[in-house]
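These numbers come from the heavy atoms of this one structure, side chains and all, not from hydrogens, waters or symmetry mates. Remember, it's 1-based here, ligands and their atoms both numbered in the order they're listed. These figures come from a predicted structure and were not determined experimentally.
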Amino acid sequence: MPSLFDPLQLGAITAPNRLLMAPLTRGRATREHVPTPIMAEYYAQRASAGLIITEATGISQQGLGWPFAPGLWSDAQVVAWKPVTQAVHDAGGRIVAQLWHMGRQVHSSVIGEQPVSSSATTSPGKAHTYDGRQDFETARPLDLDEIPGLLDSYARATENALAAGFDGVQIHAANGYLIDQFLRDNSNFRDDQYGGSIENRIRLLREVTQRVTDTIGADRTGVRLSPNGEVQGVNDSNPHPLFEAAAAALDDLGIAFLEMREPRPNGTHRLPDHPPVHPVMRKVFKGPLALNADYHGDDAQAALDAGEADAIAFGRTFLANPDLPRRIAEKLPLNPAREDLFYIGGAEGYTDYPNWDEAQAA
Ligand SMILES: Cc1cc2nc3c(=O)[nH]c(=O)nc-3n(C[C@H](O)[C@H](O)[C@H](O)COP(=O)(O)O)c2cc1C
């Protein structure tokens, strides 16, 4: 079985190790969703990842309701992403953009219109806005004749990712956002070809992935899913056949990698409601598969040893340890993540986590 430190081919991208940086929203862009210079420093610090998956990045204003999160729909955003990808490449790394449409998980005060989703539902909890947390509003179901425009938005963001120097993209189909709102049966009540049967509920995922692979190539396209539990009110009554069919569809499209947040029973970032789904998916998805949530080192290697995954994506541990691969290789202690600073803006809790040498020198 491979070591975490063996290289892995992810389509056209050669990852020198199997420790991926999981996507992490950090809210350090401008109010116009334009990346800022400090983001180049942050990502370059983490260039020793086998592959960096960026924070979720909006494909359109309609899809981006997170304050100060970056987008990829405007020329200004493309221009401002270039120094970020350049800094990562200069530091020897690889970076793909996570493409995001939040669907109903937004507030109209941020996106400027009523939220859209698969069906007229309301997310539980409160939305992040520029004026603090506010109640979610009831979403408007996307009309059938709006789907081509949505696919165009994914294609344009993918073209922009290429222009900005990214090595590829990851389609965010996890965590209760728009594509997940179509996939799972407690948020999708449509009676057209995008609702009802499993084949219908995976249609949007398949169409988005097809458009993205047509634009950038399947060998530069990844997908993220979160099959085994409730996220932001989105869940499924029978996830195993649903996500098995989704994995088979993604296998047909030949994507470069599939990455999944599959929390385990003792997880610290949401808990599972269902047994793991990745075993049935791995049987039909033949490409590289990465698992995520609560891995730290030995448990990550154990997942590779068991043949469960080809790579592991690390979120909070990478956030707090810019040199995570070295720390795991040398079994060095890990910096704890400072949760209160996750989203607040500025350098504190962002670019000031020391690497091991800096920590020893301090
Ligand atoms: C601060 C923070 C921001 C996150 N942002 C994203 C995101 O933008 N996209 C995404 O798919 N998941 C996001 N997640 C989930 C992480 O990618 C990951 O699934 C989660 O942290 C569990 O992995 P870990 O135990 O290795 O941290 C975020 C998690 C945290 C803690």
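- At least one cation-pi condition fails for R184 and F243: the charged atom is not both under 6.0 angstrom from the six-membered ring centre and inside a 45 degree cone around its axis.
- Ligand-side atoms of ligand 1 in range of F314: 26 (O), range being under 4.0 angstrom from any heavy atom.
- Protein heavy atom at the shortest distance from atom 26 (O) of ligand 1 is G315 N, 2.8 Å.
- Short contacts between ligand 1 and Q98, defined as distances under 4.0 Å to a heavy atom of the residue, involve ligand atoms 7 (C), 8 (O), 9 (N), 10 (C), 11 (O).
- Annotation for ligand 1: atoms under 4.0 Å from non-hydrogen atoms of R224 are 10 (C), 11 (O), 12 (N), 15 (C), 16 (C), 17 (O), 19 (O).
- Aromatic rings of F68 and Y343 (six-membered ring for Trp) have centroids beyond the 6.0 Å cut-off, not under it.
- Applying the salt bridge (Lys or Arg N to Asp or Glu O under 4.0 Å) criterion to D305, with sequence neighbours excluded, gives no partner residue.
- Not close to ligand 1: A174, with no non-hydrogen atom less than 4.0 angstrom away.
- Protein heavy atom closest to atom 30 (C) of ligand 1, with residue, atom name and distance, is L24 CD2, 3.7 Å.
- At least one test fails for R18 against the ring of F5: distance under 6.0 Å to the centre or angle within 45° of the axis.
- For the pair R26 and Y350, the cation does not sit on the ring face, since its NZ or CZ is not both under 6.0 Å from the ring centre and inside 45° of the axis.
- With hydrogens and angles disregarded, no donor-acceptor distance shorter than 3.5 Å links the side chain of N321 to the backbone of D323.
- Residue contact check: N175 has heavy atoms under 4.0 Å from atoms 10 (C), 11 (O), 12 (N) of ligand 1.
- No side-chain donor-acceptor contact under 3.5 Å links D251 to the backbone of F285.
- Near R261, meaning under 4.0 Å from any of its heavy atoms, are these atoms of ligand 1: 19 (O).
- Atoms of ligand 1 lying under 4.0 Å from at least one heavy atom of A22, given by number and element, are 17 (O).
- Those atoms of ligand 1 with a heavy atom of T25 less than 4.0 angstrom away are 1 (C), 3 (C), 4 (C), 5 (N), 6 (C), 7 (C), 8 (O).
- Looking at E259, H296, R316, it is R316 that brings a heavy atom closest to atom 24 (P) of ligand 1.
- Remark: distances from the non-hydrogen atoms of Y343 to ligand 1 include one below 4.0 Å.
- Of the protein's heavy atoms, N292 OD1, 2.6 Å lies nearest to atom 19 (O) of ligand 1.
- Side-chain atoms of R224 and N292 include a donor-acceptor pair closer than 3.5 Å.
- Judged purely by atom type and a 3.5 angstrom limit, N17 has no side-chain atom pairing as donor or acceptor with the backbone of L4.
- Remark: minimum distance from atom 6 (C) of ligand 1 to any protein heavy atom is reached at P23 O, 3.1 Å.
- Looking at heavy atoms from C-beta onward, R316 lies in side-chain contact with T268 at the 4.5 angstrom threshold.
- The option with the heavy atom closest to atom 25 (O) of ligand 1, from among T268, T317, D294, is D294.
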Check your understanding: Is there a salt bridge (charged side-chain N to carboxylate O under 4.0 Å, His left out) between D180 and R201 once you walk through the steps?
Key -> CA-CA 9 Å; D180 208 17; R201 282 183 282 128; over 6 Å; no

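- Listed by number with element, the atoms of ligand 1 under 4.0 Å from a non-hydrogen atom of F342 are 1 (C), 31 (C).
- In terms of polar-atom proximity, defined here as any N/O pair under 3.5 Å, E55 makes no such contact with ligand 1.
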